[in-house]
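Here the structure is laid out as structure tokens; the discussion comes afterwards.
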Amino acid sequence: MTMADEKSGHKQAFGADVARLLHMMVHSVYSDKSVFLRELISNAADACEKLRYQAIARPELLGDDASGMRIDITLDRARRTLTVADNGVGMTAEEMTEALGTIARSGTRAFMEGLQGGANNQGKTQDASEDTATASGEAHLIGQFGVGFYAAFMVADQVEVFSRKAGADTAARWSSDGKGEFTVSPVDLADAPAHGARVVLHLMDGADEWLDPANVRRHIRDQSGHVPVPVTLHFTRPAQDDDAAADNGVESDAADAEKPAKPDEAVDEQIVDGSALWTRSRNDVKPEEYTDFYRSVGGMFDEPAMTIHYRAEGRHEFSALLFTPSSRPFDLLDPERKGRVKLYVKRVFITDDTEILPRYLRFMRGVVDSADLPLNLSREMIQNSPVLRAISQNVTGRVLTELEKLAESDADAYAKVWENFGPVIKEGVHEDFARQERLLGLARFRTTTGGDSWRSLKDYVANLRENQTAIYYITGDAAAKLESSPHLEGYRARGVEVLLLTDPVDSFWVMGAPGFEGKPLRSVTQGGADLDLIPLIDADAPKGGDAGPEVTAFITAVKETLGDAVTDVRASNRLTDSVVCLVAPGGGYDRHMERLLSGFGRLDQATKPVLEINPHHALTQALAALPADDPDFRSDVAHLLLDEAAILDGGQVGDASAFAGRLTRLLARAARGKQQASN
Ligand code: ADP
Ligand code: MG
């Protein structure tokens with residue numbers, strides 16, 4: 001009989017797809033089972049920090065427990081259990097049902113959503129065989145998220161949690177074999193901690209390494225060495241064993257077997273002292289300690305791409321330890337745009353729900369610990385406190401400075417940061433008015449002349465052509481598509497660099513951007529192109545503007561025919577190879593933005609485009625030379641030119657059957673002409 005079958009509590013099923021998740025985790029993708037220990041210790045530390053905070057206002061919650069917060073890990077060879085106990089805030093029976101029995105929680109929920117919709121959206125793993133694609137996609141996802149409490153079932157076939165909530169006068173036991181059901185039942189107060197939780201893992205066959213003190217010690221040090229609560233390991237060792245033998249770990253089984261008669265010695269060994277890493281001086285911290293701390297505080301699995309650690313003194317006193325991840329956190333593009341920097345006050349965790357960094361820096365991880373904020377402020381009051389605002393200003397400025405320094409000193413490392421977080425940082429150009437110019441300085445772009453390398457606006461401005469007064473850009477979905485846009489022809493002919501903006505956010509910030517070093521930003525699909533003054537690379541190539549009275553008359557006639565369908569028809573100087581293109585009238589949205597907004601149904605009335613005609617194109621010249629004696633033919637031609645431009649613009653022809661009629665008439669006419677010529 002398994003414990004979940006007991007009559008005492010009633011059985012309940014796990015929420016949603018937990019069974020599947022568990023199975024997958026245990027059997028396929030998690031190669032490194034040790035994460036369970038990190039997850040349980042991190043939960044215990046969270047619970048301690050919660051109680052530490054609540055006890056500021058309600059010291060009675062601590063009861064008789066004056067010894068401070070602690071986490072105890074006990075290895076019991078005889079019962080084959082590993083126990084993680086804390087004297088934190090604990091859970092009521094209801095809270096256990098809710099927190100340990102459903103997956104409607106942060107990490108795991110996001111994980112499941114990722115599995116359902118996002119495995120391939122993550123864009124990293126997409127293999128030919130579907131099986132491989134799924135398995136590696138899941139592995140990738142699981143690595144990103146961590147799965148919290150459930151990780152316990154990777155090494156245990158039965159998990160019990162005994163808990164009493166601080167201040168409550170009842171206690172309960174949660175138990176499950178992790179196969180889809182769990183029970184919650186009341187227990188005697190004597191069987192539960194005075195406050196806190198005791199998680200007992202009944203280790204499965206083959207998980208003996210988790211009874212070995214040396215192994216457990218090593219994993220605690222490596223993965224949880226910087227949790228802000230002391231961690232003590234309890235185990236027994238045969239009295240005659242010396243430290244070296246115990247340290248050899250795996251051998252201790254054999255040692256036990258050889259000398260069974262002697263009494264065992266109980267060992268209590270503090271492994272983590274719970275001191276806060278950020279309070280130490282930068283020179284005293286090793287890189288691997290930073291990595292370790294970053295992973296446990298940020299819930300990440302990678303190496304930090306950049307570490308910022310400093311102490312501010314003077315008007316406000318605080319320490320900051322912040323990291324830029326080297327991969328994208330899974331919630332980066334969540335609409336909530338929540339930051340993850342934790343706020344401490346004098347080493348007491350207060351909240352991770354306050355905006356210390358602006359949202360466009362939400363990828364940053366780490367802690368800020370203030371000595372100036374009063375501990376007894378409510379979270380709401382902290383949020384609005386001028387002290388926090390001042391800290392926030394300082395820390396934000398520092399992050400930007402460090403990014404600037406990295407860009408300066410190691411362009412490749414910075415390029416990676418930009419590839420991961422550029423789309424988010426650019427939100428700031430739109431939102432953080434005071435720092436627009438700095439953020440534009442940090443921005444990197446693909447351009448028409450930059451090839452595969454990232455270009456800064458500084459690079460761009462250094463590369464301006466004679467008489468060029470603006471920074472030109474084109475927006476769209478894909479760089480390859482943009483590069484073949486007819487709008488770029490005139491710029492290319494003059495060697496003018498154009499920024500290729502393909503992130504969804506680009507269309508938004510670019511409209512409000514102030515320009516850079518005095519040069520305004522201008523869309524190549526908007527307004528009249530002021531290209532005439534910039535010399536052509538090939539000086540003999542036909543130049544825009546005036547191509548003679550016949551062409552001018554032709555353009556006027558097209559405009560009369562099209563009437564209200566367009567804002568204007570004019571001779572183009574941005575085209576060299578194509579015959580027509582659509583542009584936005586000056587002052588309106590650029591063409592890409594116009595399409596985006598009308599796609600969202602956000603434009604009541606779409607702005608009519610301007611049709612530009614290449615006056616030097618052979619077709620234009622031939623059409624202009626024809627006698628104007630056939631109004632039907634002229635009308636077909638004018639409309640077809642507009643249709644062609646609309647298709648090139650990525651849009652659709654206005655009236656498909658009218659378009660087909662025109663095209664048919666024109667082709668018939670061309671065919672007849674050919675026939676006559678050959679007769
Ligand atoms: P997460 O830590 O991301 O919320 P977990 O699966 O690790 O997800 O834990 C789920 C929830 O269970 C926690 O949010 C917390 O409410 C509760 N919990 C887990 N362990 C403990 C503990 N030792 N003490 C109190 N509550 C706990
Ligand atoms: Mg957790």
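Just so it is clear, the values below take in all heavy atoms, side chains as well, and ignore hydrogens, waters and symmetry mates. Every number for a ligand or one of its atoms is a count from 1 in the order of the listing. Note that the structure is a prediction, hence the values are computed from the model and not measured.
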Using a 4.0 Å cutoff against the non-hydrogen atoms of A99, which atoms of ligand 1 qualify? 10 (C), 11 (C), 12 (O), 16 (O), 17 (C)
Any idea which atoms of ligand 1 are less than 4.0 Å away from a heavy-atom of F149? 5 (P), 6 (O), 7 (O)
Output yes when the distance from some N or O of ligand 1 to some N or O of [X] is under 3.5 Å, and no in every other case.
X: Y150; result: no
X: M91; result: no
X: K50; result: no

Pairing donors with acceptors under 3.5 angstrom, does anything connect the side chains of E303 and S326? no
Side-chain donor-acceptor contact under 3.5 Å, Y290 with H309: yes
Which of parallel (below 30°), tilted (30 to 60°) and perpendicular (above 60°) describes F318 and Y310? perpendicular
Compute the ring centroids of F162 and W174, then answer whether they are less than 6.0 Å apart. no
For ligand 1, which part of L100 has a heavy atom less than 4.0 Å away: the side chain, the backbone, both, or neither? side chain
Can you tell me which portion of D86 lies within the under-4.0 Å heavy-atom range of ligand 1? Options are side chain, backbone, both, or neither. side chain
Tell me if a side-chain donor or acceptor on [X] pairs with a main-chain N or O of [Y] at a distance below 3.5 Å.
X: R362; Y: R359; result: yes
X: R52; Y: F349; result: no
X: D369; Y: R347; result: yes

Would you say N43 has an N, O or S atom lying under 2.8 Å from the Mg ion (ligand 2)? yes
Report yes or no: does a heavy atom of E39 sit under 4.0 Å from some atom of ligand 1? no
